[in-house]
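Everything below concerns the one structure shown next.
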Number of protein chains: 2
Amino acid sequence: MPTTPASSDDQQAPPSRRELNKAATRQAITDAALELLRAKGPGNFTVEDIADAAGISRRTFFNYFGSTDAALASIVHGFLDTAIQQLRLRPASEPMLESAQAALAALADPKAVAPLAELFTLTQQSPLMAHSELEAWDHCRAQVFAVARERLAGTPGGQDELYVHALAGSIISCGKAAMEVWFSRRGPDLTAGSLTELRQLLIESIALLGTGFAPSASPSATRSS
Amino acid sequence: MPTTPASSDDQQAPPSRRELNKAATRQAITDAALELLRAKGPGNFTVEDIADAAGISRRTFFNYFGSTDAALASIVHGFLDTAIQQLRLRPASEPMLESAQAALAALADPKAVAPLAELFTLTQQSPLMAHSELEAWDHCRAQVFAVARERLAGTPGGQDELYVHALAGSIISCGKAAMEVWFSRRGPDLTAGSLTELRQLLIESIALLGTGFAPSASPSATRSS
DNA sequence: GTGCAAACTTGCACGTAGTGTAATCATGTG
DNA sequence: CACATGATTACACTACGTGCAAGTTTGCAC
């Protein structure tokens, strides 16, 4: 039951000094990494550069992230984590695809996509980010899988592992596809019109899933039973 | 370039000595890497070990692969390349999902899955392979995308980039899901019954896609010992 | 064959990644 | 204040990945 937090990490206010320092350091690292990415481009700066800019030692950097990629991919993680957050807010009785649609549509928000959009534009045709980025999406897939498994535990056919795995993977793929198409069309454009198009794409991609990729489906027909 | 105009890459017999040597070296590297993986386990051997076992220098290893992961992931690449090969053999008039089903079903073959199954079992709970493996699947996704785009170029709605991207990604996700479920159920089991179950899972996962993950779809009797 | 050019391999050197370790410093607790 | 715990740091070390300048093999023309 998502109403009562069953997970252990739901501590809302432990503002101990240590936690605050750690969060601040983490933020300083990602900020420094992003700034260096802006200034020098992907692959043209080292961990030492980041640590130096963040005011920490090289060793400390590795206490927080395993690589420069991982530090930058934390942006993607943050974005996808909000997606999971949105997904968990949906009522458990709602069909999975509709929940996914709603959660994804909520992401077409300037505050959520802005960091991701910049990261994408800065690392566009560079495979340097590909590793950690694919990892981030896969991590999100695992989260969606967990939510779906939880929801479908009692429904007919919901015990089928294949169903849940395939569903979670397909949802992620469709979300990814929508983001990809949006970036290729609009680039770093964050205007209201562009975000509307993103929302449209996200909804439409899940709708394609729901209709089984029917070949003659007209776009923007988000009809579902 | 001796004879052919070489506009296309479909040269079936250029057995020049150089090409043969390169192929042999490449094979020696992957064989050595796999052997070391069997002997020492993931992460417990270096590039120098592989090069030494393959009878080449460390530097030459890096002329073929960018990392040990990449060398091992060539097995996954080989497997997925045969999948693409199967997919391209299907008639262009066939619906995409049916082609995918047929291509995937053809993969439930001992000769094709044996190397992959061993690799999976050897790197089961090790994230060391995750990077290159995810990359391999994504590369396959791009290939499926290319095939799908080519096929749907003239069909109604086929010009929609979103449709093609989402379709290709979902197909890959479903194939991946089927493989994952199969491994979790049967492990390195390559008996006829196990392969039949794999084929069943692959077909069923694509069928789920085709029906839009309809919740009332009758689950198959996959498990029958 | 001989000679040449292109491709491949190799050794070397260099910078960087990533990790173990022990000392030092900051923070929470009695 | 004293003490325990956790975080940062410096140091050292192995391994990765690459540029470079040789040396070696192959292809091709003469």
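Residue numbers begin at 1 in each chain, while the letters A, B, ... track the order of the sequences. Nothing here was measured: the structure is a model prediction, and the numbers come from that model.
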Starting the side chain at C-beta, find the nucleotide from [options] nearest to [X].
{"X": "B:Ser67", "options": "D:dG17, D:dC16, D:dA10", "result": "D:dG17"}
{"X": "B:Ile56", "options": "D:dT8, C:dT27, C:dT10", "result": "C:dT10"}
{"X": "A:Phe62", "options": "D:dA10, C:dA17, C:dC8", "result": "C:dA17"}
{"X": "A:Thr60", "options": "C:dT16, C:dT27, D:dT8", "result": "D:dT8"}

How many whole angstroms separate atom [atom1] of [X] from atom [atom2] of [N]?
{"X": "A:Phe61", "N": "D:dA7", "atom1": "CZ", "atom2": "C1'", "value": "17 Å"}
{"X": "B:Arg17", "N": "C:dT9", "atom1": "CZ", "atom2": "C1'", "value": "15 Å"}
{"X": "B:Phe65", "N": "D:dC16", "atom1": "CZ", "atom2": "P", "value": "15 Å"}
{"X": "B:Glu19", "N": "D:dT26", "atom1": "CD", "atom2": "P", "value": "13 Å"}
{"X": "B:Asn44", "N": "D:dT14", "atom1": "CG", "atom2": "C1'", "value": "14 Å"}
{"X": "A:Ile50", "N": "C:dT16", "atom1": "CD1", "atom2": "P", "value": "13 Å"}
{"X": "B:Arg26", "N": "C:dT9", "atom1": "CZ", "atom2": "C1'", "value": "16 Å"}
{"X": "A:His131", "N": "C:dG18", "atom1": "NE2", "atom2": "P", "value": "12 Å"}

Distance-only donor-acceptor check, side chains [X] and [Y], under 3.5 Å:
{"X": "B:Ser57", "Y": "B:Thr60", "value": "yes"}
{"X": "A:Gln85", "Y": "A:Asp81", "value": "no"}
{"X": "B:Ser173", "Y": "A:Ser173", "value": "yes"}

Discussion item. Tell me whether the count of non-hydrogen atoms from other residues, nucleotides or ligands lying under 6.0 Å of NE2 in B:His139 goes above 12.
Written reply: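 Count not over threshold, so no.
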Worksheet item: Is the CD atom of B:Glu94 crowded by more than 12 outside heavy atoms at less than 6.0 Å?
Response: yes
Discussion item. Would the base of C:dT16 count as contacting A:Arg58 through its side chain, where contact means a donor and an acceptor less than 3.5 Å apart?
Written reply: no
Worksheet item: Is B:Arg59 side chain donor-acceptor paired with the D:dG17 base, going by distance under 3.5 Å alone?
Response: no
Worksheet entry | D:dT26 OP1/OP2 closer than 4.0 Å to side-chain N/O of B:Asn21 |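 Answer yes for this pair, as a side-chain N or O of B:Asn21 is under 4.0 Å from OP1 or OP2.
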Worksheet item: If each of B:Phe45 and A:Asn63 is mapped to the nucleotide of DNA chain D with the nearest heavy atom, which maps nearer the 5' terminus, i.e. the 5' end?
Response: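 Looking at the nearest nucleotide for each, A:Asn63 comes out on the 5' side.
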Discussion item. Nearest heavy atom decides the nucleotide; on that basis, is A:Tyr64 or B:Arg18 closer to the 5' end of DNA chain D?
Written reply: A:Tyr64
